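Here is the structure we will look at.
Note that the coordinates shown come from a computational prediction; the quantities given were computed from them, not determined experimentally. One is the number of the first residue; the rest follow in order along the sequence.
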Amino acid sequence: MYTSAIVIIPPEEVWPPIQAIRVKYDEKVRRWMPHITLVYPFWPREKFADAANVLRMALCETRPFFLTLKEFNVFDHGGGKYTMWLAPEPAERLMRLHTTVLCALGIRAEEPSFRFPFRPHLSVGQIRGDGQRNSVLAKLVEQWKPLHFAVRDVALIWRNEPPDDVFRIAERIPFGQMQGTFEGCGG
């Protein structure tokens with residue numbers, strides 16, 4: 001069972017419209033805070049101190065940046081099962097951050113634990129059936145007002161096994177907080 005991740009967590013002041021959708025459609029709303037996953041699964045919690053030290057160096061020259069959640073999309077899991085998500089823009093900035101994090105930690109994107117290529121997204125729910133997909137997405141698109149927020153850090157999160165399986169923040173790694181350079185994969 002996967003119990004840890006590296007994520008971007010939007011500031012709580014932008015959560016209400018996201019959570020309004022998730023409460024209605026996301027079966028995992030209780031377990032996960034709104035987030036954009038960078039690495040999942042991640043290392044065991046006992047290795048978080050090591051990961052945090054490496055990430056501090058890797059992200060020391062990364063500057064905070066702004067994201068916009070404007071458009072909805074779906075992952076098609078087959079059999080009429082879909083995950084709805086908001087597309088963070090600019091995606092390229094998240095792609096570079098993802099590469100920096102993986103490289104710094106020595107994680108290869110081809111590892112078997114990563115079933116799909118990285119695609120930046122913020123999941124908001126699951127739907128079944130083409131009819132529901134079309135009607136729910138049309139309604140959400142009509143009502144949605146784009147959200148803008150600053151990304152200033154990444155978070156190491158963890159959870160226990162059920163029933164206490166809510167993700168918690170172990171540590172936030174702020175951007176641009178250390179002197180020095182990170183040699184390697186860029187960022």
What I'd like to find out is whether the side chain of [X] reaches to under 4.5 Å of the side chain of [Y], using heavy atoms alone.
{"X": "I6", "Y": "I173", "answer": "no"}
{"X": "L69", "Y": "I18", "answer": "yes"}
{"X": "L97", "Y": "F175", "answer": "yes"}
{"X": "V166", "Y": "R30", "answer": "yes"}
{"X": "P88", "Y": "L94", "answer": "yes"}
{"X": "I107", "Y": "F42", "answer": "yes"}

Please check this pair: side chain of R159 against backbone of Y2, looking for a donor-acceptor N/O pair closer than 3.5 Å.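 Yes; judged by distance alone, with no hydrogens or angles, the pair exists.
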
Using modelled atom types and a 3.5 Å cut-off, is there a donor and acceptor pairing between side-chain atoms of Q126 and backbone atoms of E27?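 Here the side-chain-to-backbone pair exists.
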
Is there a path from [X] to [Y] through hydrophobic residues (I, L, V, M, F, W, Y) whose side chains come within less than 4.5 Å of each other?
{"X": "I21", "Y": "L67", "answer": "yes"}
{"X": "F75", "Y": "V29", "answer": "no"}
{"X": "L86", "Y": "I127", "answer": "yes"}
{"X": "M84", "Y": "V14", "answer": "yes"}
{"X": "V154", "Y": "M95", "answer": "yes"}

Quick one: [atom1] on [X] to [atom2] on [Y], what's the gap to the nearest 0.5 Å?
{"X": "R172", "Y": "I8", "atom1": "CZ", "atom2": "CD1", "answer": "10.5 Å"}
{"X": "T37", "Y": "F118", "atom1": "OG1", "atom2": "CZ", "answer": "8.0 Å"}
{"X": "N73", "Y": "L122", "atom1": "CG", "atom2": "CG", "answer": "13.0 Å"}

[X]: partners by side chain to side chain donor-acceptor pair (under 3.5 Å), with sequence neighbours left out:
{"X": "S123", "value": "none"}
{"X": "R31", "value": "D165"}
{"X": "R168", "value": "D164"}

If the condition is salt bridge (charged side-chain N to carboxylate O under 4.0 Å, His left out), which residues does [X] pass it with, not counting sequence neighbours?
{"X": "E171", "answer": "R56"}
{"X": "K24", "answer": "none"}
{"X": "R119", "answer": "none"}

Can you list the steps and then say if I157 with I169 is a side chain to side chain contact (heavy atoms under 4.5 Å, CB included)? CA-CA 4 Å; I157 63 172; I169 299 169; 4.1 Å; yes

Those residues that, when tested against W43, pass ring pair (Phe, Tyr, Trp, His ring centres under 6.0 Å) (two or more places apart):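 W43 satisfies ring pair (Phe, Tyr, Trp, His ring centres under 6.0 Å) with no other residue.
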
F66: partners by ring pair (Phe, Tyr, Trp, His ring centres under 6.0 Å), with sequence neighbours left out: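 With sequence neighbours excluded, F66 shows a ring pair (Phe, Tyr, Trp, His ring centres under 6.0 Å) to no residue whatsoever.
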
Quick check: closest heavy atoms across [X] and [Y], and the distance to 0.1 Å?
{"X": "P34", "Y": "P10", "answer": "O-CD, 3.3 Å"}
{"X": "A51", "Y": "L156", "answer": "CB-CD1, 4.5 Å"}
{"X": "A91", "Y": "P120", "answer": "O-CG, 4.1 Å"}

Enumerate the ring-ring contact (aromatic ring centres under 6.0 Å, His included) contacts for residues 14-37, please, sequence neighbours excluded, ordered by first and then second residue.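 The answer is W32-H35, W32-Y40, W32-F167.
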
Listing request: all ring-ring contact (aromatic ring centres under 6.0 Å, His included) pairs with a residue in residues 142-162, at least two apart in sequence or in separate chains.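 Sorted pair list: F72-W144.
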
Around atom CD of Q143, are there more than 12 heavy atoms from other residues, nucleotides or ligands closer than 6.0 Å?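 Enclosed.
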
Pair up each side-chain donor or acceptor in residues 129-136 with any protein partner under 3.5 Å, not counting sequence neighbours, and list the distances.
| residue | atom | partner | partner atom | Å |
| --- | --- | --- | --- | --- |
| D130 | OD1 | Y82 | OH | 2.3 |
| Q132 | OE1 | R128 | N | 2.9 |
| R133 | NH1 | Y82 | OH | 3.2 |
| N134 | ND2 | D130 | O | 3.3 |
| S135 | OG | G131 | O | 3.1 |
| S135 | OG | Q132 | O | 3.3 |

Please, which pairs that meet salt bridge (Lys or Arg N to Asp or Glu O under 4.0 Å) have at least one residue in residues 11-23, sequence neighbours excluded?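 For residues 11-23: R22-D26.
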
